[in-house]
Amino acid sequence: GTTLGASAAESGRYFGTAVAANKLSDSTYVGILNREFNMATPENEMKWDATEPSQGQFNYSNADRIVNHAQANGMRVRGHALAWHSQQPGWAQNLSGTALRQAMTNHVTQVATYYKGKIYAWDVVNEAFADGGTGARRDSNLQRTGNDWIEVAFRAARAADPGAKLCYNDYNTDGQNAKSNAVYAMVQDFKSRGVPIDCVGFQSHFNSASPVPSDYQANLQRFANLGVDVQITELDIEGSGTAQADNYNRVVRACLAVSRCTGITVWGIRDSDSWRASGTPLLFDGSGNKKAAYTSTLNAL
Ligand code: XIL
C-alpha cells in the first residue's frame, strides 16, 4: 500500500489518528486525514465534559462533526472515552456516592445508545489504575463509588450498543510492570466472570523518560492470550530523525506480530497537532510533510 490505512488493511488492520473537530476546516489537515487514515478517534469531543456539559443535557455537535466526516470518507470511529476521572464536567466532579454512580451509568448508556452502530470500539473506561508499583486502582471520585464501577460501566455499554467492541484503555501499561499486571488481572477476572470486555487499549505515549519497552510485543501478546483484542490507541513518540523512525518501526512490527492486535492509532497528524506542549512526536511535520517516522511506519505495515 501507499498509505498508512491501505497498508494496514492488507493485514486486516486499521491505521487511525486522533481527530479534532475544530481542525476539519484546515485543508492541509483534512487532506492528510482523508488520504492516510481509516480510523478516527475524537481527541476530546466524546469526553464527558463535551457530551454532557450539564447533567442530563447532552451535546453531540462536535463529536457528530467527526463521526460524519469519518463516515463520509470511509473511516471507522473509535469512541473515547465513556468513563474517566479526567475531563469530567464540573457537575460530575462535585458528585459522589450513589448520585455519581447513577450519573456515570446514565452517561455511558446515553452516549453509547446515541452512537449505537457507529462505533467500532469504545474506550469504556480510561486510566483507572494508579502509576507505580502498587497495582492499585487510581483514587478518583469514580473509584470511591466502589470497586465495581468499571464492570458496571462495561455492562451498561454492552447493553446500549451490543455491536461495539468494548475496551479498557490506559498508559504506562505498554510493558510488563505492576500497573499492567493489575490491568491483566482485571481482564482475566472479567473474562472468568463473564463481564463484557473485548479489547485492551495501550496508549503508547513514549518519550525518553518512558521509552518503547523491550517487552512491548510480549506484553501485547499476553493480553491477547486472555482472549481480547489489543489496540495501540494513542501512539506518539518523542524524538526526531532515525531514532524516532526506528521506534515507530518497532511499535508497528510489534502490533503486526500479534494476530489479535487489530490496529494502531496515532495521537494526532502533524507535530503541530500534538497534545504535547513541545516536541515533534508525530508522523508529519508542522507543514504536513512526511517525516522519516512516516516512512518507517509505512515500511513496517
Ligand atoms: C488529551 C488531548 O489530546 C488534549 O487535547 C486534552 O487537552 C487533554 O487530553 N490520555 C488520553 C487522552 O486518554 O484523552 C488525552 O488526550 C491524552 C492522554
Side-chain angles (χ1 to χ4, degrees), residues 16-26 29 32-33 37 39-53 62-63 65-67 77-90 92-93 104 107-108 111-112 115 119-131 137-138 140-143 150 153-154 157 165-175 179-180 183 199-207 209-212 230-238 251 263-284 286:
T17 179
V19 174
N22 63 8
K23 291 177 181 161
L24 291 174
S25 52
D26 175 333
Y29 181 89
I32 301 169
L33 172 63
F37 298 98
M39 187 73 75
T41 304
E43 185 171 0
N44 289 296
E45 293 79 354
M46 286 185 174
K47 293 172 182 175
W48 199 348
D49 59 353
T51 51
E52 195 180 1
N62 286 325
R65 288 167 64 195
I66 297 174
V67 172
V77 178
R78 288 192 86 265
H80 174 80
L82 293 172
W84 188 23
H85 70 275
S86 186
Q87 292 181 268
Q88 292 182 4
Q93 294 176 37
M104 181 277 287
H107 180 78
V108 171
V111 176
Y115 284 111
I119 303 295
Y120 162 69
W122 268 113
D123 290 332
V124 178
V125 170
N126 197 31
E127 301 183 350
F129 283 82
D131 290 314
R137 294 284 183 84
R138 173 193 297 277
S140 72
N141 60 344
L142 291 168
Q143 180 61 30
I150 298 180
F154 274 84
K165 289 184 183 294
L166 305 183
C167 301
Y168 176 79
N169 191 54
D170 214 328
Y171 68 92
N172 285 351
T173 50
D174 313 296
K179 186 174 177 181
S180 66
V183 175
C199 38
V200 176
F202 298 84
Q203 292 186 10
S204 303
H205 296 293
F206 297 125
N207 54 38
S210 176
V212 183
V230 295
Q231 301 168 359
I232 297 169
T233 52
E234 304 184 14
L235 179 62
D236 50 23
I237 309 178
E238 192 45 80
V251 167
I264 300 170
T265 294
V266 288
W267 206 241
I269 297 177
R270 300 162 300 194
D271 287 334
S272 51
D273 299 316
S274 173
W275 69 304
R276 297 297 197 188
S278 62
T280 54
L282 295 172
L283 300 178
F284 296 85

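Every number for a ligand or one of its atoms is a count from 1 in the order of the listing. Atoms considered below: every heavy atom in the structure, side chains included; atoms not considered: hydrogens, waters and symmetry mates.
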Apply side chain to side chain contact (heavy atoms under 4.5 Å, CB included) to Met46 and Ile119, showing your working. CA-CA 12 Å; Met46 286 185 174; Ile119 303 295; 3.9 Å; yes
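Under the 3.5 Å distance criterion, the side-chain polar atoms of Tyr168 are matched with a main-chain donor or acceptor of Ala128. A donor-acceptor pair under 3.5 Å is formed between the side chain of Glu45 and the backbone N or O of Glu43. Within the 3.5 Å criterion, the main-chain N or O of Pro42 finds no donor-acceptor partner in the side chain of Lys47. The closest donor-acceptor contact from the side chain of Asp174 to the backbone of Ser204 lies under 3.5 Å.
Checked against a 3.5 angstrom limit, the closest N/O atoms of Glu234 and ligand 1 fall inside it. Polar contact check, Trp275 against ligand 1: no nitrogen or oxygen pair lies under 3.5 Å apart.
Taking a 4.0 Å cut-off on heavy atoms, Trp84 registers as neighbouring ligand 1.
Compare Gln203, Glu43, His205, Lys47 by their heavy atoms: the one nearest to atom 15 (C) of ligand 1 is in Lys47.
Of the protein's non-hydrogen atoms, Gln87 OE1, 3.5 Å is the one closest to atom 8 (C) of ligand 1. The closest protein non-hydrogen atom to atom 7 (O) of ligand 1 is Asn44 OD1, 4.2 Å.
Remark: ligand 1 atoms within the under-4.0 Å shell around heavy atoms of Asn126 are 11 (C), 13 (O).
Between Asp170 and Arg138 there is no salt bridge, since no side-chain N of the basic residue sits under 4.0 Å from a carboxylate O of the acidic one.
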